[in-house]
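Everything on this sheet refers to the single structure shown next.
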Amino acid sequence: GPGAARRAPAPFRPGAAARPYPSLCSERQRYPEETVNIVKSAFTGGLVGWLYGGLPAFYQARKAFIEGSHGELFQNRADAVQSAHRAGLRSFLRYGWRWSWRVTAFVTIFNMVSTGLSVYRNKTTISNFASAGAFTGALFRMHLGLQGLAGGFMFGAAFGIPAGGLLMAMQNLAGETLQEKRNRERRELYEQKLAEWQSRLSVTEVLGQTEDSAQGGPAMERAREI
């Protein structure tokens, strides 16, 4: 209605990140970019972990099978090669999975904490990544007691600092950090909302003038008759 059209959107303030503000990417795409990046990094971490744990296990199991099967009889050379590959493949799947889910969980928790800190503080700093690494490392080693908790804390912080520096350097090379992009999208969204509000307000004023003119016509005719 006219009352809704006259309500202007709240002014845009880049520093006001503590209060939730609609993101432009949430209207243009289904998921925010931060969520997409977390999913991508989790998938990449899982793949790297699988290769890191699976490939050495594959070669070691294949070598051990060849060394331990000198006295066995095979139908032909192809049968021996396939048996060695099957032994290696079983180790690849077993040890690759062990590393994959651990790396995936570590990367996911690390990115969730660092992203949450960046959004909450409205800035991206090395301390965000160091804190995220320390928290994640301590979480993974807490089952080993206080000593394991302290070791995981130190390892996570040591991992988070160079990882965060690398990510920030990549963002700077891209010409725009995630925080700058987030502020730009908010500003664009505010300008879009403001333009829509002004358009609705103009339509409402035109309709009001048209209605006043329509009501004023008969009144002027009656005044002339009198």
Side-chain angles (χ1 to χ4, degrees), residues 17-18 20 23 25-26 30-68 83-172 177-179 181-182:
S23 175
C25 62
S26 63
R30 187 173 181 182
Y31 301 106
E33 184 177 1
E34 291 83 357
T35 303
V36 175
N37 290 337
I38 290 175
V39 174
K40 288 181 179 179
S41 61
F43 176 80
T44 304
L47 181 61
V48 171
W50 202 305
L51 294 177
Y52 178 82
L55 288 179
F58 174 84
Y59 291 115
Q60 291 177 4
R62 185 173 178 271
K63 181 180 179 181
F65 179 85
I66 294 174
E67 293 176 351
S83 298
H85 279 296
R86 283 195 294 267
L89 183 60
R90 286 194 295 267
S91 294
F92 176 81
L93 295 176
R94 178 187 303 174
Y95 293 99
W97 167 248
R98 290 183 181 180
W99 276 95
S100 178
W101 77 262
R102 287 177 172 86
V103 175
T104 300
F106 187 95
V107 171
T108 302
I109 296 174
F110 172 81
N111 282 326
M112 289 177 63
V113 175
S114 62
T115 302
L117 289 174
S118 297
V119 173
Y120 178 76
R121 296 176 177 177
N122 197 33
K123 60 181 179 179
T124 302
T125 61
I126 290 292
S127 61
N128 294 346
F129 297 99
S131 301
F135 173 82
T136 308
L139 185 65
F140 268 70
R141 305 289 290 181
M142 63 184 302
H143 66 283
L144 299 178
L146 185 60
Q147 185 175 0
L149 185 70
F153 183 90
M154 297 299 296
F155 168 79
F159 166 81
I161 293 174
L166 179 62
L167 291 175
M168 292 178 64
M170 293 175 62
Q171 292 179 9
N172 291 330
T177 65
L178 286 178
Q179 188 60 43
K181 183 176 182 180
R182 191 181 302 116

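On a predicted model such as this, the values are computed, not experimentally measured, just so you know. Sequential numbering from 1 along the given sequence is applied to the chain's residues.
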For this session: Give the minimum heavy-atom separation between Phe110 and Ala163, together with the two atoms involved.
Result: CZ-CB, 4.4 Å

For this session: Provide the closest heavy-atom pair for Ser41 versus Val107 in the form atom of the first, atom of the second, distance.
Result: O-CG1, 3.6 Å

Exercise. Does Arg98 make a cation-pi contact with Tyr95, if we ask for NZ or CZ under 6.0 Å from the ring centre and within 45° of the axis?
Worked result: yes

Problem set entry | For Gly53 against Ala57, the heavy-atom pair lying closest together | O-CB, 3.5 Å

Seminar exercise, completed: Scanning both residues in full, the closest heavy-atom pair of Thr104 with Gly45 reads OG1-C, 4.2 Å

Exercise. Is any side-chain heavy atom of Thr136 closer than 4.5 Å to a side-chain heavy atom of Leu139?
Worked result: no

For this session: Report the C-alpha distance between Thr125 and Asn128 in whole Å, list the side-chain angles of each, state the deciding distance to 0.1 Å, and finish with yes or no for side chain to side chain contact (heavy atoms under 4.5 Å, CB included).
Result: CA-CA 6 Å; Thr125 61; Asn128 294 346; 3.5 Å; yes

Exercise. Tell me, do Phe129 and Leu117 make a side-chain contact under 4.5 Å, heavy atoms counted?
Worked result: no

Exercise. What heavy-atom pair brings Met168 and Thr124 nearest, and what distance separates the two atoms?
Worked result: CE-O, 3.6 Å

For this session: Count the heavy atoms belonging to other residues, nucleotides or ligands that lie under 6.0 Å from CZ of Phe92, then report whether that count exceeds 12.
Result: yes

For this session: Using only heavy-atom distances, determine whether the side chains of Arg94 and Ser91 contain a donor-acceptor pair under 3.5 Å.
Result: no

Exercise. Should Trp50 and Trp99 count as side-chain neighbours, where that means a heavy-atom distance under 4.5 Å?
Worked result: no

Exercise. More than 12 non-hydrogen atoms from neighbouring residues, nucleotides or ligands closer than 6.0 Å to CZ on Phe140, yes or no?
Worked result: yes

Exercise. In terms of heavy-atom contacts, does CZ of Phe106 have more than 12 from other residues, nucleotides or ligands at under 6.0 Å?
Worked result: yes

Exercise. Are side-chain heavy atoms of Ile38 and Thr115 found at a separation under 4.5 Å?
Worked result: yes

For this session: Taking all non-hydrogen atoms of both residues into account, name the closest pair between Ile126 and Gly164 and its distance.
Result: CD1-C, 3.9 Å

Exercise. So with a 6.0 Å cut-off around CZ of Phe58, is the heavy-atom count from everything else above 12?
Worked result: yes

For this session: Taking the side chain as every heavy atom from C-beta outward, state whether Phe155 and Arg141 have any atom pair closer than 4.5 Å.
Result: no

